[in-house]
Protein chains: 4
Amino acid sequence: MKEKITTQSIILFEKKGFSQTSIQDIVDVLEVTKGTFYYYFSSKEQLLMDIHSDYITNLLERQQLILDNQDLSQKEKLSRTIRLLVTDIADKGPSARVFFREVRHLANDNIENIKKKRDQFRLNIEKTVNEGVQQGEFRKGLRTDMITFGILGITNWSYQWYKPDGEVSIDDLVEIYVDMILKGIEQ
Amino acid sequence: MKEKITTQSIILFEKKGFSQTSIQDIVDVLEVTKGTFYYYFSSKEQLLMDIHSDYITNLLERQQLILDNQDLSQKEKLSRTIRLLVTDIADKGPSARVFFREVRHLANDNIENIKKKRDQFRLNIEKTVNEGVQQGEFRKGLRTDMITFGILGITNWSYQWYKPDGEVSIDDLVEIYVDMILKGIEQ
Amino acid sequence: MKEKITTQSIILFEKKGFSQTSIQDIVDVLEVTKGTFYYYFSSKEQLLMDIHSDYITNLLERQQLILDNQDLSQKEKLSRTIRLLVTDIADKGPSARVFFREVRHLANDNIENIKKKRDQFRLNIEKTVNEGVQQGEFRKGLRTDMITFGILGITNWSYQWYKPDGEVSIDDLVEIYVDMILKGIEQ
Amino acid sequence: MKEKITTQSIILFEKKGFSQTSIQDIVDVLEVTKGTFYYYFSSKEQLLMDIHSDYITNLLERQQLILDNQDLSQKEKLSRTIRLLVTDIADKGPSARVFFREVRHLANDNIENIKKKRDQFRLNIEKTVNEGVQQGEFRKGLRTDMITFGILGITNWSYQWYKPDGEVSIDDLVEIYVDMILKGIEQ
DNA sequence: GATGAATGAGTTTTCATTCAT
DNA sequence: AATGAATGAAAACTCATTCAT
């Protein structure tokens, strides 16, 4: 039931937004009562926190798998990270959108926790770019922090407009963005 | 007074979000009453609509000035458009953030109107890129629609993280992004 | 202007009801402002009072003309009074409906005043019936007070359903009701 | 609790009118909160609709019992219908008054429903009168539709003035009106 | 595990009214 | 005579949350 509630919430939060979705809306779809909700979650925000936590934890894990692979060039690591982010649109579109849009609704305590992990993810990218610069794969003199934000902008923005049933496939999109980004920063 | 309300609303909407900001919050700061608010606006959403409308209208106008300048290369037009977007962070950060984050809260009728203009802005960029391709300034075979979304991603994402009092100036940021984008797509 | 406001108010009060009609609604139609309204009337209720007062005063006057005519039998006086009430649907439908429906919204002080006149009108009818009984035109032993309420019920109820553009003319309706009532009480 | 709310609402709606009665007024008497009200009713209008629906449904049922009795003459059926309406003043005065006065406040969708049933009630009376004419109990040539409105006028108007503690009993009033109406239309 | 009743604090909105100009 | 800005009190309604069962 807990899982059902989470899944349904994500769908509704994505469609209507966190504050526009009431607990009632969620439990109505599942045909249970509000009491049930509060049996599993201590508050609405707690649920949002869970969603965020699950999402970023999973993302970080998968990023780590890429980074741990010693055989890969920095270019390759970066490409795979871009792929990681963009492909999530297909698999986890709603979660991702909730993740990007609704951070604001987390209370201060929780927000720190999530922010730390988001920063971790970003800094991992930055580190990859930095090493790529040192190893001559990327241009010297890049402001790698700004570049990293730029990379995240390209990928994350896609959650705002990408339609899975459009004419461009996820694979094509990954290729286009990898190409644009690498050309933008390589030697 | 109408202007005061709008200005104050933008500040609060940016800080707390549209749905987390009550009319009471707004009028409290201005030391007037809710009645005053409803004297000038027919609803909370109407106010949000005004904010959106003002923002996008102004942006489109300034974009048009760039596009109308016949002497500029497509690269130059693109650079100036990027500058236009990024510099708005300094001048109109709060408005911009409200614009990007709170579209969801516009009702259906209004949303169409705004969407049309947002699309117009995007398609204007796409057209510039297209012409740049035809005139040999940019690489052949680019998916210019996806590239355009990428450009918007880089610039618009900056509203999420850029702090005006940080170590990087707006001008530096513009230069970094112009460089990254042009390298990413030029011949 | 005062007259214009009154006329327009009656139309709106009839269509939407007194409490569903705002001062704003009234002045909007006349393309003036609320200030104008308060220049002529001290309150919304004052306006309603005026409407009531005008209506009942005029009705009483016309009733008096009938009663003062010494040549008429009581039957004839009663017939003419019925005609008086029913024909007002055509001429003054809206005022009449407002008069019957919205008394409740008068404040206590005013209500007394109007009630007194309404009672006067009713008691005049009762007196006519009484004299008719004494003069042998109507049956002995009638509860003339109840009969009078019955007569008023028949006529006043017509404001609830009568449509001027229906198949029955006002004159026909008067004839039908006079006939029904007289047969109902005559010797 | 739902029933308590309904009962109390009827009392208040009768005393002060629907729009002059706030949800707060209702729940104050019951010493519960507004939340409780909205737990049972989706809106103020929904409550009014319930009241109307209950009233007219019950009235129609009781009318049907009269009409189904094959042994009764049309005169007798008509008398009993008049009794049905008038006696409700004693038993259900407040509901009845709310029913007659506040239809206007039902929204369009609901109003249709109620109107249909009110019309049904009226047409049942008209049918009785019609059959009475055919069977020679009532005069030939009557406009039975107008007559029916007249009958309803007499009975319904009593809700406006009848005081249960006055000098005339309900039974007397029924007798007076039955007499007046039958004399008014019989052969 | 789950329900159903109830709460209370807050939300947007309405509107008669006032008053300086 | 009339306006336009502002008020303040109240309205209907929402909703996260609690808790006894």
Side-chain angles (χ1 to χ4, degrees), chain A residues 1-2 4-5 18-28 30-48 105 107, chain B residues 1-2 4-5 18-27 30-48 105, chain C residues 1-2 4-5 18-28 30-48 105, chain D residues 1-2 4-5 18-28 30-48 105:
Chain A
M1 176 53 49
K2 190 173 185 178
K4 268 176 156 183
I5 293 175
F18 178 76
S19 29
Q20 267 55 50
T21 304
S22 68
I23 309 282
Q24 194 64 61
D25 290 339
I26 297 165
V27 297
D28 275 357
L30 301 173
E31 291 179 312
V32 292
T33 60
K34 276 187 279 192
T36 305
F37 179 91
Y38 281 93
Y39 181 77
Y40 292 106
F41 297 93
S42 62
S43 72
K44 195 184 173 189
E45 201 218 317
Q46 171 61 238
L47 160 64
L48 185 62
H105 295 101
Chain B
M1 178 52 48
K2 189 172 185 179
K4 272 176 155 184
I5 294 175
F18 177 76
S19 27
Q20 267 54 52
T21 305
S22 68
I23 309 287
Q24 193 64 60
D25 290 339
I26 297 165
V27 297
L30 301 173
E31 291 179 312
V32 292
T33 59
K34 274 179 286 191
T36 304
F37 178 92
Y38 283 95
Y39 181 74
Y40 292 104
F41 297 93
S42 60
S43 71
K44 195 183 171 189
E45 203 216 312
Q46 174 59 240
L47 161 65
L48 185 61
H105 295 101
Chain C
M1 177 54 47
K2 189 170 185 181
K4 268 176 158 184
I5 293 175
F18 178 75
S19 29
Q20 269 55 52
T21 304
S22 68
I23 308 283
Q24 194 64 61
D25 290 338
I26 297 165
V27 297
D28 276 357
L30 301 174
E31 291 180 312
V32 293
T33 60
K34 276 186 281 191
T36 305
F37 179 91
Y38 281 93
Y39 181 75
Y40 292 105
F41 298 91
S42 61
S43 72
K44 195 184 174 189
E45 202 218 316
Q46 170 62 238
L47 160 65
L48 185 62
H105 294 100
Chain D
M1 179 51 50
K2 191 174 185 179
K4 270 176 157 183
I5 294 175
F18 178 76
S19 29
Q20 267 55 50
T21 303
S22 70
I23 308 288
Q24 194 63 61
D25 291 339
I26 297 166
V27 296
D28 276 356
L30 301 173
E31 292 181 310
V32 293
T33 60
K34 272 180 287 191
T36 304
F37 178 91
Y38 283 96
Y39 180 74
Y40 292 103
F41 298 92
S42 60
S43 72
K44 194 184 173 188
E45 202 215 313
Q46 173 60 238
L47 161 64
L48 185 61
H105 295 101

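Residue numbering restarts at 1 for every chain, and letters A, B, ... go by the order of the sequence lines.
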How is B/Tyr40 classified with respect to the nucleic acid when contacts are heavy atoms under 4.0 Å: base, sugar-phosphate, or nothing? sugar-phosphate

Heavy atoms only, 4.0 Å cut-off, all strands: where does B/Thr21 land among base, sugar-phosphate and nothing? sugar-phosphate

Of B/Gly35 and D/Met1, whose closest DNA chain E nucleotide lies nearer the 5' terminus? D/Met1

Rounded to whole Å, how long is the line connecting atom [atom1] of [X] with atom [atom2] of [N]?
{"X": "B/Leu30", "N": "F/dA5", "atom1": "CG", "atom2": "P", "value": "16 Å"}
{"X": "D/Phe37", "N": "F/dC13", "atom1": "CZ", "atom2": "P", "value": "8 Å"}
{"X": "B/Gln20", "N": "E/dG10", "atom1": "CD", "atom2": "P", "value": "14 Å"}
{"X": "D/Lys34", "N": "F/dA11", "atom1": "NZ", "atom2": "P", "value": "8 Å"}
{"X": "B/Leu47", "N": "E/dT13", "atom1": "CG", "atom2": "C1'", "value": "14 Å"}
{"X": "B/Ile23", "N": "E/dA9", "atom1": "CD1", "atom2": "P", "value": "22 Å"}
{"X": "B/His105", "N": "E/dT12", "atom1": "NE2", "atom2": "C1'", "value": "14 Å"}
{"X": "C/Glu31", "N": "F/dG4", "atom1": "CD", "atom2": "C1'", "value": "17 Å"}

Return the nearest nucleotide to the side chain of [X]; candidates are [options].
{"X": "B/Tyr38", "options": "E/dT7, E/dT14, E/dT11", "value": "E/dT14"}
{"X": "D/Thr33", "options": "E/dG10, F/dA2, E/dG8", "value": "E/dG8"}
{"X": "A/Lys44", "options": "F/dT17, F/dT7, F/dC13", "value": "F/dT17"}
{"X": "A/Ser43", "options": "E/dA16, F/dT17, F/dA12", "value": "F/dT17"}
{"X": "D/Tyr39", "options": "E/dA6, F/dA6, F/dA12", "value": "E/dA6"}

Taking 4.0 Å as the cut-off, does a side-chain nitrogen or oxygen of D/Thr36 come that near to OP1 or OP2 on E/dA6?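 Indeed not, no polar side-chain atom of D/Thr36 lies that close.
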
Going by purine N1 to pyrimidine N3 plus the second Watson-Crick contact, or the G-U wobble pair, all under 3.5 Å, which nucleotide sits opposite F/dT14?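 Here F/dT14 is engaged in a pair, and the nucleotide opposite it is E/dA9.
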
Across every strand shown, the nucleotide meeting Watson-Crick or G-U wobble geometry with F/dT21 (both distances under 3.5 Å) is E/dA2

Can you tell me how far NZ of A/Lys2 sits from CD1 of A/Ile5, rounded to the nearest 0.5 angstrom? 9.0 Å

Are A/Gln20 and B/His105 packed together at the side-chain level, in the sense that at least one heavy-atom pair is separated by less than 4.5 angstrom? yes

Validation row: C/Met1, C/Tyr39 side chains within 4.5 angstrom (heavy atoms):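 Counting from C-beta outward, C/Met1 and C/Tyr39 never come under 4.5 Å.
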
Let me spell it out: for each of A/Ser22 and D/Gln24, pick the nucleotide of DNA chain F with the closest heavy atom. Which residue's pick is nearer the 5' end?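 It is D/Gln24, whose closest nucleotide lies nearer the 5' terminus.
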
Quick check on side chain to side chain contact (heavy atoms under 4.5 Å, CB included): which of B/Val32, B/Val27, B/Leu30 does B/Phe37 satisfy it with?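 It is B/Val27; the other options fail the test.
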
Which residue in the set D/Ile23, D/Ile26, D/Leu47 passes side chain to side chain contact (heavy atoms under 4.5 Å, CB included) when paired with D/Phe41? D/Leu47

Worked check of side-chain contact (heavy atoms from CB on, under 4.5 Å) between D/Gln24 and D/Lys34: CA-CA 6 Å; D/Gln24 194 63 61; D/Lys34 272 180 287 191; 3.0 Å; yes

Between E/dG1 and F/dT21, how far apart are the two P atoms, rounded to whole Å?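 Pairwise P distance, E/dG1 against F/dT21, rounds to 22 Å.
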
